[in-house]
Amino acid sequence: MKSAVAATVTTALPAQPQHGAARAKVGEEKNKEADGDDRVILHFDYDCFYASVIENAHPALRTRPLGVRQKSILATCNYVARTRGVRKLMPVAQARAACPDLVVVCGEDLAPFRDASRRLWAFLRGAVAGARTERLGLDEVFLDVTAAVVYNRALLNPNALRDSFFHLSAEDPERGFTFDATRFAGCVHPPPDGQGEQHAGAGAAVLDDPVRVRLMLASHLAGYLRRRLEEDFGYTSSGGISTNKVLAKLVGSVNKPRNQTTLLPVQGENTIQEFLDAHQIREIPGIGSRTSSIIADHLFPPGKAVRAGHQEPEQQTPSGITVRDVLRYPDMSPALLSRILDRPGAERGGGKKIWNLLHGRDASEVKEAGVAPTQISVEDTYMARPLNTLPEALRELSVLATSLVRRMRADLTTAAEELTDPSSAGSAGLPLGTQQKRRWLAYPKTLRLSTCAHPGKSGSVSSTSNPSFSRISRSQPLPSFALDLGRPCAEVAERLVREALLPLFRRLHVGRAAGWNLALLNVCVANMVPVAGDGSSGSGGGAGGRDISRMFRTQGERLREWSAWDDDATTTTTTTTTMMSSPSLSPPRDRNDLFDGKAEGGAVANGGSEEKNDVEDAGSASAETELWAVDDGDSDSDVGWEDEDGDSVAQQRCAACGHVVPTFAMSAHERFHAMGD
DNA sequence: CTGGGAAATT
DNA sequence: AATTTCC
Ligand SMILES: Nc1ccn([C@H]2C[C@H](O)[C@@H](COP(=O)(O)OP(=O)(O)OP(=O)(O)O)O2)c(=O)n1
Ligand SMILES: [Mn+2]
């Protein structure tokens, strides 16, 4: 609250002569509402992520319609299933009706997905020096690659654009890749004339349009990173390239599976607004179902006029209102939006924020995620048979607490190296085989228990956008014994139940000894305090190998690496010709030294955590045989991975189950054997 | 027969 | 402690 100086946004801008390539003063970000094209942001969204994790562990499933189930809905499904009418978040019964031979795998334990997500994130975060990375959920990553792109723009050689080299580090000239700077990688959004809707590779970049050149460079960077994710890790993704987070994410969904799209403003056209106008407001990241329906109800009151003509009883979330509908509404303005959305508990600058999103403006920074989570929770639902008696509740609390303690140890501790060895700053230094002493990276201060009562059988209101019933929660300080690493998880968990969770439970349901009809329990630790000497964002679950980017973690240092070229970028428009690095260095085409395929977060004892992924087959009774039958088709089971190239993928045979698995996926496959069964 | 989370904001 | 957003 110290200097709310620039809070009012008006800010006359008399003296801001810099144009185009002016880099952002990183310290302040609030009042720069100017063009908003001073950054370059990449967004990655892994394709059908949970399903991809399962497929990498069981490659035979790749060619089959696959759904990943949590209780009675499918969290996601692969693209084979989608062509057969299966959709994300679809009830299992409905999915099976649409696709009788759907293979259904249980995905209630998120550990495998969390683990895969972390390995991909560790790669992305070490891949581009000076870039900041932000994770959103398990399968999305934003990268702010402005510094690297500006640097590489300065090094472009106009006389040899086709043989350009993209530097991933200013310090190690060999780190990078070759690319053709006369074209974009992947798709561009408004599709260039003549080209079909889908394909791009779009036209030569005009060298004097700095934004266009930066986006061109970024498209190649995104393409390179996506190729690494696919070839080295086995995960395809969709990429979006633009100048802020909301646009990068939105445009990435234009060409969905295994593709990427760059939002490329066309001179003299209102490219960005036209792109946004056609979207349903609910589709804009940051405008959720709640906001969306409030706006819709205000513009088209339910009792009155007919909406646009097409309001079929189907149409779940989108609600039919487009960005254009909102912006064309009489007297629409940030202030009007604020009034519409105003209500107790509403967000402070809500109207203005929504207004900006509707215009594609998003000044929010890509926030570097700390290695340690700020919250860990474990939950289970009991829709089929709600909890009503104390023994039941205690049993479930015990299960959840055990799982929570295990996760605390996995995600909040690291191998304790220390002990008179400061030389570990540089690189690896793995304590081989020594007893796994671990120490806390951060410890939680708060324990919270949440419950949720069953909605009730008498068909209460199930409006599409409200939670069927509200959660209630109580919290208390986390007892210190919960941090004792010397005791078994189960023992700590039992004590946690008796001394903390049960009291919390009684506070939640005062005066009722039974008959709560609970449909959900959630146990959560939060309020993490970083352990001194480590910093919450320091080392931890990151890649074990050398990670150059770690040296540029702070903002000041981040800019320093690229800064020599950043400064004169504006003045020297075409004088960079002599700075070309030799493309003959030719980057390592095949193998990436950042990837050593080791397990990372799951170092802590993990054995038989709960259930492995059970496979069910709808059509036939032979559930198990579907998965483990090796002989069915060695030849055809991997067809999907030879799609475009015609190159075959290196494969190995799993010693445990005999299955043929691509080399890159072998470590994931083996992890599945280790997990259960 | 409608998951299992994580984060920001108030 | 609750709501809302995101996946
Ligand atoms: N309401 C949601 C949304 C997502 N997820 C999980 C399952 C997804 O696999 C993963 C990623 O979410 P996405 O929306 O990106 O969906 P997918 O990656 O599965 O599919 P797509 O290829 O459309 O990105 O997060 C979930 O459990 N519940
Ligand atoms: Mn995804």
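Just so it is clear, the values below take in all heavy atoms, side chains as well, and ignore hydrogens, waters and symmetry mates. The sequence lines fix the lettering, A, B, ..., with proteins before strands; numbering per chain opens at 1.
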A/Lys249/A/Asp362 salt bridge by N-O under 4.0 Å criterion: no
Output for pair (A/Ile287 CD1, A/Ile284 CD1), nearest 0.5 Å, gives 5.5 Å
So does A/Arg507 get a side-chain nitrogen or oxygen closer than 4.0 Å to the phosphate oxygens (OP1/OP2) of C/dA1? yes
Distance check needed: B/dG5 C1' versus A/Asp115 CG, whole Å only. 16 Å
Looking at every strand, decide which applies to A/Glu379 at a 4.0 Å heavy-atom threshold: base, sugar-phosphate, or nothing. base
When the distance from CZ of A/Arg135 to P of B/dA7 is rounded to whole Å, what number comes out? 9 Å
Side chain of A/Met383: nearest nucleotide among B/dG3, B/dA8, B/dT10? B/dG3
Mind calculating the distance between CD (A/Glu108) and P (B/dT2) to the nearest angstrom? 14 Å
Below 4.0 Å: OP1/OP2 of B/dT2 and any side-chain N or O of A/Ser72: no
A/Ala384 vs A/Val378, nearer the 5' end of DNA chain B by closest nucleotide: A/Ala384
Choose from B/dG3, B/dG5, B/dG4 the nucleotide whose nearest atom is closest to any side-chain atom of A/Asp380. B/dG4
Rounded to the nearest angstrom, tell me the gap between atom NZ in A/Lys245 and atom C1' in B/dA7. 11 Å
Counting just side-chain N and O atoms, does A/Lys71 come under 4.0 Å of either OP1 or OP2 of B/dG4? yes
Could you write nucleotides 2-7 of chain C as a row of B, S and -, 5' to 3', where a protein heavy atom under 4.0 Å of any base atom gives B, of only sugar-phosphate atoms gives S, and otherwise -? SSSSSS
Verdict with reasoning, A/Glu379 to A/Leu521, per side chain to side chain contact (heavy atoms under 4.5 Å, CB included): CA-CA 6 Å; A/Glu379 71 186 43; A/Leu521 289 181; over 6 Å; no
Any chance you could lay out the side chain to side chain donor-acceptor pair (under 3.5 Å) test for A/His509 and A/Thr451, step after step, and finish with the verdict? CA-CA 10 Å; A/His509 306 285; A/Thr451 68; 3.2 Å; yes
Check the distance between B/dA7's C1' and A/Glu365's CD and give it to me in whole angstrom. 18 Å
Length of the CD-P vector between A/Gln70 and B/dG3, whole Å: 9 Å
CZ of A/Arg64 to CD of A/Glu55, rounded to nearest 0.5 Å, is 11.5 Å
Below the 4.0 Å mark, does B/dT2 have OP1 or OP2 next to a side-chain nitrogen or oxygen of A/Thr381? no
Cation over ring face, A/Arg82 and A/Tyr79, 6.0 Å, 45°: yes
A/Arg407 near the nucleic acid: base, sugar-phosphate alone, or nothing, with a heavy-atom cut-off under 4.0 Å? sugar-phosphate
According to a strict under-4.0 Å criterion, is A/Ser377 in side-chain N/O contact with OP1 or OP2 of B/dG4? no
Assign A/Arg114 to base, sugar-phosphate, or nothing according to its heavy-atom contacts below 4.0 angstrom with the strands shown. sugar-phosphate
About how many Å separate CZ of A/Arg448 and CG of A/Asn527, when rounded to the nearest 0.5 Å? 9.0 Å
